[in-house]
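The structure that follows is given in the form of structure tokens.
Every chain is numbered from 1 and lettered A, B, ... according to where its sequence line falls, protein lines coming before strand lines.
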Number of protein chains: 2
Amino acid sequence: MSMMNYAAGVSLKHATLGLLTYGPASGYDLLQKFRESLANVWPATQSQLYGELGKLAAAGLVTVAAEGPRGRKEYAITPEGSAELRHWLGEVPPAPNRRSEMLLRVFFLGMLTPEQAREYLDDRATVAAELQAELRELATTVDPDSGPLAVYGRLALEWALRFSVMQEEWATWAADEVRRAQEGVE
Amino acid sequence: MSMMNYAAGVSLKHATLGLLTYGPASGYDLLQKFRESLANVWPATQSQLYGELGKLAAAGLVTVAAEGPRGRKEYAITPEGSAELRHWLGEVPPAPNRRSEMLLRVFFLGMLTPEQAREYLDDRATVAAELQAELRELATTVDPDSGPLAVYGRLALEWALRFSVMQEEWATWAADEVRRAQEGVE
DNA sequence: CTGTGCATGTAATCCGTTACATGATTTA
DNA sequence: TAAATCATGTAACGGATTACATGCACAG
């Protein structure tokens, strides 16, 4: 039955619909867009994407608008798909990120020597600093008006930049805290 | 075979081992510790945890140290488990978070009206501000020397605080950017 | 005519969630 | 003795990753 909705919080669905609002595309095309623009916010594998397109088509949220050489199927978003995307964007509250491997490790840093714990935190600071450098580079190479994705993409880039700054500062602070605690004990 | 390792990046395993370093505990006990202290960094369901304990026991990383009433099984970490935890903490680089539903939405904010887009960003700022308030509250109620988990737990709390500050500032800035872009077009 | 890229699909496996299912022990 | 809590497990399902498998089309 086409009335069957699949679960609410599933974002690959919306990522796919979102990319299709920029024009019809094949699974192959979309896969590249996922790699180019969404790699850092919502990665998708080939396997997953082809499956998803099948489900979206069955649900009437996309259609096969054209077929090309090599079995190419060009998908286009339908009005229903568009409505679903806007509904998700405007009315469904985003689920906060619940898991952080980085922080999980922090909880158990007491199992290591203070030196090793500091090393861990210093590494976090270094990695964050490196990421910052990359992002600043990226910011200069992004064409300010290369399509609508870039407009809001800039906001996402700024988020990542601010995040990595925060992470670096925190890790530096935390390493220092560990150092202070160590001295306090001696 | 006890030589069989399961996959490398699986953190429920390490979260469980980590909690067991604070002393033997049953699945039931651990579940509460997951809810009390790890809810915001690595949540686990009952179903998952009992399964995991079985696998850890089969792999020799934990053992059933004692059995109590109501079929209670008290698990204890083994030297092998301890070694595995330390190896993970010290030598395996943490996997960065790849997915952010919040940012995914930002990429498609162009599908909404600028007013709706700003509303989304303003909501992010509000939610972040509320989280901050909760965290500051929490910070005052946490006993400074209530066990070793609290020591490094403080670092995690500080991370969350800085994160929510960053998020609020970013969202406010981004909403303003949208406003400016809108005015620029008019 | 050969390699590179375009193009789609399936299978196996694992992690995570929700729901179902059961029962023993303590406390009021 | 009834309710709350302790305590463990299984089943079903969906999402994500990796690997496998196939084949057409075009450029050099």
Side-chain angles (χ1 to χ4, degrees), chain A residues 4-17 24-36 38-59 62 64-75 88 95-101 104, chain B residues 4-16 24-36 38-59 62 64-75 95-101 104:
Chain A
M4 218 163 75
N5 300 326
Y6 48 106
V10 180
S11 299
L12 175 61
K13 170 179 164 183
H14 302 107
T16 308
L17 290 173
S26 68
Y28 193 87
D29 295 340
L30 288 171
L31 204 61
Q32 275 165 274
K33 292 195 189 182
F34 266 99
R35 284 194 252 262
E36 285 161 18
L38 298 185
N40 301 306
V41 297
W42 208 272
T45 62
Q46 180 255 43
S47 193
Q48 224 187 330
L49 186 52
Y50 282 108
E52 191 63 35
L53 285 167
K55 285 189 228 165
L56 287 168
V62 303
V64 179
E67 309 215 14
R70 280 166 294 206
R72 175 188 173 90
K73 291 186 222 164
E74 212 160 61
Y75 291 91
W88 177 74
N97 259 357
R98 313 192 122 294
R99 286 188 166 83
S100 168
E101 194 187 316
L104 177 62
Chain B
M4 216 163 75
N5 300 327
Y6 49 104
V10 182
S11 299
L12 175 61
K13 172 179 164 182
H14 302 107
T16 307
S26 68
Y28 192 87
D29 296 341
L30 288 171
L31 203 60
Q32 276 166 272
K33 291 194 188 182
F34 266 99
R35 290 199 192 116
E36 286 161 17
L38 298 185
N40 301 306
V41 297
W42 208 271
T45 61
Q46 180 252 46
S47 192
Q48 223 187 332
L49 185 53
Y50 283 108
E52 190 64 33
L53 285 167
K55 286 190 227 163
L56 287 168
V62 303
V64 178
E67 310 213 13
R70 280 168 292 208
R72 175 188 173 92
K73 291 188 222 164
E74 211 159 64
Y75 291 91
N97 260 357
R98 312 191 122 293
R99 287 189 165 84
S100 167
E101 195 189 315
L104 177 61

**Study point:** Student check: side-chain heavy atoms of B:Lys13 and B:Glu52 closer than 4.5 Å
**Key:** yes

Review point. Is there a side-chain polar atom (N or O) of A:Lys73 under 4.0 Å from OP1 or OP2 of C:dG9?
Key: yes

Check your understanding: Does OP1 or OP2 of C:dC6 have a side-chain N or O of A:Tyr28 closer than 4.0 Å?
Key -> yes

Practice item. Return no unless some side-chain N or O of B:Lys55 is found under 4.0 Å from OP1 or OP2 of C:dC15. Key: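 So the side-chain polar atoms of B:Lys55 do come within 4.0 Å of the phosphate oxygens OP1 or OP2 of C:dC15, strictly under.
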
Revision key, fill the gap. Atom CG of B:Leu31 and atom C1' of D:dA7 are separated, to the nearest Å, by 11 Å

Point to revise | Euclidean distance, A:Gln46 CD relative to A:Leu49 CG, rounded to 0.5 Å | key: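 Here the rounded value is 8.0 Å.
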
Practice item. Nearest whole angstrom, please: distance from the C1' of D:dA7 to the CZ of B:Phe34. Key: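 From B:Phe34 CZ to D:dA7 C1': 17 Å.
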
Review point. In terms of side-chain heavy atoms of B:Arg70, which of C:dG9, D:dA7, C:dG5 is nearest?
Key: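 Out of C:dG9, D:dA7, C:dG5, the nucleotide with an atom closest to B:Arg70's side chain is D:dA7.
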
Study note, to complete from the structure: When B:Ser26 and A:Leu12 are each assigned the nearest nucleotide of DNA chain D, the 5'-most assignment goes to B:Ser26

Exercise for review: To the nearest Å, give me how far apart CD (A:Gln32) and P (C:dC6) are.
Suggested key: 6 Å

**Study point:** Distance-only donor-acceptor test (3.5 Å): side chain B:Ser47, base D:dT10
**Key:**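 Between D:dT10 and B:Ser47, which were checked side chain against base, a qualifying N/O pair under 3.5 Å is present.
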
Review point. What is the distance, rounded to the nearest whole Å, between atom CH2 of B:Trp42 and atom P of C:dG16?
Key: 6 Å

Practice item. Give, for atom CZ of A:Arg99 and atom CG of B:Leu12, the distance between the pair rounded to the nearest 0.5 Å. Key: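 It comes to 8.0 Å.
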
Check your understanding: Which whole-number value in Å describes the distance from A:Leu53 CG to C:dA7 C1'?
Key -> 12 Å

Point to revise | Reported NZ-to-OG distance for the pair A:Lys73 and A:Ser26, which is rounded to 0.5 angstrom | key: 11.0 Å

Practice item. Looking at every strand, decide which applies to B:Arg98 at a 4.0 Å heavy-atom threshold: base, sugar-phosphate, or nothing. Key: nothing

Practice item. Drop me the distance from B:Ser100's OG to A:Leu38's CG, to the nearest 0.5 angstrom. Key: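 Those atoms lie 11.5 Å apart.
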
Practice item. Tell me which nucleotide among C:dT17, C:dG9, D:dT8 gets nearest to the side chain of B:Thr45. Key: C:dT17

**Study point:** Upstream residue (5' side of DNA chain D) when B:Arg72 and A:Gln48 are each assigned their closest nucleotide
**Key:**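 Of the two residues, B:Arg72 wins.
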
Review point. How long is the line joining CG of A:Leu30 and P of C:dG9, in whole Å?
Key: 13 Å

Point to revise | Nucleotide D:dG15, atom C1' - distance to CZ of A:Arg99 in whole Å | key: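 Atom-to-atom, A:Arg99 to D:dG15, this comes out as 13 Å.
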
Exercise for review: To the nearest Å, give me how far apart NE2 (B:His14) and P (C:dC15) are.
Suggested key: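 Whole-Å distance recorded here is 11 Å.
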
